[in-house]
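Heads up: the structure comes next, in structure tokens.
In this text the structure is predicted, and so the values were computed from the model without any measurement. Side chains are part of it too, since the values below use all heavy atoms of this structure and drop only hydrogens, waters and symmetry mates.
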Amino acid sequence: MKKVGFITLGCKVNIYESNALKCELTDRGYIVGEADSDCDCFIINTCSVTNTADSKSRKMIHKCIKMNPSAIICVMGCYAQTNDEVKEIDGIDILIGNGNKKSVVDTIDSMISGKRKEKRIDILNILETTEYEKLGVTSYDHTRAFVKIEDGCENYCTYCIIPFARGRVRCKPIDEVIEELKRITNEGYLEVVLSGIHTGRYKDHDVNFSGLVKRILDEVPKLKRLRVSSIEMNEVDDEFIALMKGHKVIANHLHLPLQSGSDVILSKMERKYDVGAYIDKVKALRSARPDISITTDVIVGFPYEGDAEFMETYNLCKDLGLSKLHVFPYSMRKGTKASLMPQIKDSEKKDRAKRLIELSNHLEEEYAKKFIGSILDIIPEQETLGGMMMGHTSNFLQVFMPKDLDKIGKLYNVKITKIENGKIYGEIL
């Protein structure tokens, strides 16, 4: 039996798409696993969200070529879609961007059987691609199942390359989403994460994202926890907030990207909101869910960000009491509007990132402390060292508990007992 090794970089959408290919290859009799020297084929699903992601993608390609020079090398994803330099890398046999990933399985079949020997380069014009590519996952690596509902982004923020890598918004038909969730929950999964490149832009005919969530709540009765991977604040509408208020199945956590706490910088980024609107949205969410965990993304060192603009971001995150910050030093992406703007020194980016990460650690601990002695729902996920197991609560607290492997993947109440060395501990009741 032939072995295919996967390396998946980047977002949850990439993970979902790789898992779909793993399922297809497994069904065809391949052994699927991690990349090692025994592999007959490597699939590197790349990322291009930052310069660092580009660099890591290149390194993984060269690593696989070196690991087994006789293996078939398949490179796909955002780095392949947006960087012509990848076409010059010797040793790549299959080069696919985004939008036509499923076709690589047939190509691998042909190459391994010797029916096809020539190199395949197939990069679609992603900006003209209008159909959603159907990739189905039939098995999952964790106790929570990720379900891709959307692809593409049309925001065109001035710093971001992703719209050029992923193309226009394309959505999975709502009936197929519902059927996928029914199958997943019938297999015993209790938690599903809705994911996409621009998840909140979901639309199928007259049904928007909130309408999709309502149908899931109405038609998938075995689902115990519905989580949203990330959503723009201006796509959290009144209907979704009302659903959160009335349905505990929706996880008590939202990742609401901020990017900057300065209206000046938000305007330069061409974000679709201002600071006041973001504050109002957080207040509305907390009115529906007083103890909700709201996490965010923040970019530091964006062009035109001075000390005053940085402090506006710092103070806003602090004053809002967000529960965690994902901090990214601005990475200049060729072809974006921001690449033509005056750039900030790397030393300033690093200093500001460090200060925000320190703030994030403090905010995360302060949020967790509120729940010591509280009883929350939890789904244990995996065994850890020291006779413990780990799981996440609805508000995404990572909790360590005494090991009981029979409880993994099931829903329980847990009492939060202490925080020690940055770890949260609890006892299942």
What's the verdict on side-chain hydrogen bond (donor to acceptor under 3.5 Å, both in side chains) for Ser331 and Thr50, showing C-alpha distance, side-chain angles and the deciding distance? CA-CA 6 Å; Ser331 177; Thr50 63; 4.9 Å; no
Quick one, Ser229 with Ser195, criterion side-chain hydrogen bond (donor to acceptor under 3.5 Å, both in side chains). Give me CA distance, side-chain angles, the key distance, then yes/no. CA-CA 5 Å; Ser229 61; Ser195 62; 5.1 Å; no
Begin from the C-alpha positions of Asn395 and Thr393 and carry the test side-chain hydrogen bond (donor to acceptor under 3.5 Å, both in side chains) through to its verdict. CA-CA 5 Å; Asn395 58 345; Thr393 61; 2.4 Å; yes
side-chain hydrogen bond (donor to acceptor under 3.5 Å, both in side chains) for Arg333 and Ser48? Distances and angles first, verdict last. CA-CA 9 Å; Arg333 310 299 289 135; Ser48 190; 2.9 Å; yes
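Side-chain contact between Arg28 and Asp106: present, with at least one pair of heavy atoms (C-beta onward) separated by less than 4.5 Å. The shortest side-chain heavy-atom distance between Tyr367 and Glu365 does not fall under the 4.5 Å cut-off. The side-chain heavy atoms of Leu376 and Phe371, taken from C-beta on, include a pair separated by under 4.5 Å. Between Ile15 and Lys12, the closest side-chain pair of non-hydrogen atoms falls below 4.5 Å.
Figure legend: cation-pi geometry between Lys418 and Tyr425, with NZ or CZ positioned under 6.0 Å from the six-membered ring centre and within 45° of its axis. Taking the ring centre of Tyr30 as origin, the terminal cationic atom of Lys2 falls outside the region bounded by 6.0 Å and 45° from the ring axis. Cation-pi contact between Lys172 and Tyr132: absent, since separation from the ring centre below 6.0 Å together with deviation from the ring axis within 45° is not met.
Heavy-atom minimum distance, Pro303 versus Ala338: CG-O, 3.9 Å. Smallest separation of non-hydrogen atoms from Cys160 and Thr336: O-CG2, 3.5 Å. Taking all atoms of both residues into account, the shortest heavy-atom contact from Leu21 to Leu135 is CD2-CD2, 4.4 Å. Across all their heavy atoms, Leu285 and Leu256 have their closest contact at CD1-CD2, 3.9 Å. The two atoms that bring Leu322 and Leu363 nearest to each other are O-CB, 3.1 Å, heavy atoms only. Residues Thr313 and Ser260 approach most closely at OG1-OG, 3.5 Å, considering heavy atoms.
Aromatic ring centres of Tyr330 and Phe302 lie closer together than 6.0 Å. Within the 6.0 Å centre-distance limit, the rings of Tyr156 and Phe164 are counted as a close aromatic pair.
At a cut-off of 3.5 Å, with distance as the only test, a side-chain donor of His255 or Asp297 sits close to an acceptor on the other residue. For the 3.5 Å distance criterion, the side chains of Asn14 and Thr8 fail to qualify, holding no donor opposite an acceptor. Between the side chains of Asn68 and Ser37, no donor-acceptor pair is found at a separation under 3.5 Å. Thr46 and Ser57 share no donor-acceptor pair across their side chains, judged by distance under 3.5 Å alone.
Heavy-atom neighbours of Lys272 NZ from other residues, nucleotides or ligands within 6.0 Å: above the threshold of 12. Other residues, nucleotides and ligands contribute at most 12 non-hydrogen atoms within 6.0 Å of the NZ atom of Lys324. Atom NZ of Lys3 has more than 12 heavy atoms from other residues, nucleotides or ligands within 6.0 Å. The number of heavy atoms from other shown groups lying within 6.0 Å of CG (Asp319) is above 12. By the neighbour-count criterion of 12 heavy atoms within 6.0 Å, atom CD of Glu219 is densely surrounded, having more than that number from other residues, nucleotides or ligands. Within a 6.0 Å sphere centred on NZ of Lys281, other residues, nucleotides and ligands contribute more than 12 heavy atoms.
With hydrogens and angles disregarded, a donor-acceptor distance shorter than 3.5 Å links the side chain of Thr185 to the backbone of Lys182. Distance alone, capped at 3.5 Å, is enough to place a donor-acceptor pair between the Ser394 side chain and the Asn252 backbone. The backbone N or O of Lys283 sits nowhere less than 3.5 Å from a side-chain atom of Ser287 that would complete a donor-acceptor pair. Panel note: side chain Ser55, backbone Asn51; no donor-acceptor pair is recorded below 3.5 Å.
For the atom pair CD1 of Ile162 and CG of Asn98, the computed distance is 8.5 Å after rounding to the nearest 0.5 Å.
The pair Lys101-Glu133 does not count as a salt bridge, with every side-chain nitrogen at least 4.0 angstrom from each carboxylate oxygen. We find that Arg352 and Glu348 are joined by a salt bridge, their nearest charged nitrogen and carboxylate oxygen being less than 4.0 Å apart. Using a cut-off of 4.0 Å between Lys/Arg side-chain N and Asp/Glu carboxylate O, Arg215 and Asp175 are scored as salt-bridged. We find that Asp346 and Lys349 are joined by a salt bridge, their nearest charged nitrogen and carboxylate oxygen being less than 4.0 Å apart. Between Glu420 and Lys423 there is no salt bridge, since none of the side-chain N atoms of the basic residue sits less than 4.0 Å from a carboxylate O of the acidic one. Lys370 and Asp291 are not joined by a salt bridge, as no carboxylate oxygen comes within less than 4.0 angstrom of a charged side-chain nitrogen. A salt bridge links Asp377 to Arg225: at least one charged side-chain nitrogen sits closer than 4.0 Å to a carboxylate oxygen. Between Asp218 and Lys214 there is a salt bridge, with a side-chain nitrogen of the basic residue lying less than 4.0 Å from a carboxylate oxygen of the acidic one.
The aromatic rings of Phe396 and His253 sit parallel, their planes meeting at an angle under 30°, below the 60° perpendicular limit. Using a 30° and 60° split on the angle between ring planes, Tyr273 and Tyr278 fall in the tilted class, from 30° to 60°.
Scanning for side-chain contact (heavy atoms from CB on, under 4.5 Å) contacts around Glu309 gives Ser262, Ile265, Glu305, Glu312, with sequence neighbours left out.
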N/O donor-acceptor pairs under 3.5 Å from side chains in residues 240-248, not counting sequence neighbours:
none

Do any side-chain atoms of residues 379-390 form donor-acceptor pairs under 3.5 angstrom with protein atoms, and if so which ones, sequence neighbours left out?
{"from": "Glu381", "atom 1": "OE2", "to": "Arg144", "atom 2": "NH2", "distance (Å)": "2.7"}
{"from": "Glu381", "atom 1": "OE2", "to": "His392", "atom 2": "N", "distance (Å)": "3.1"}
{"from": "Glu381", "atom 1": "OE2", "to": "His392", "atom 2": "ND1", "distance (Å)": "2.7"}
{"from": "Glu383", "atom 1": "OE2", "to": "Lys403", "atom 2": "NZ", "distance (Å)": "3.0"}
{"from": "Thr384", "atom 1": "OG1", "to": "Met388", "atom 2": "O", "distance (Å)": "3.3"}

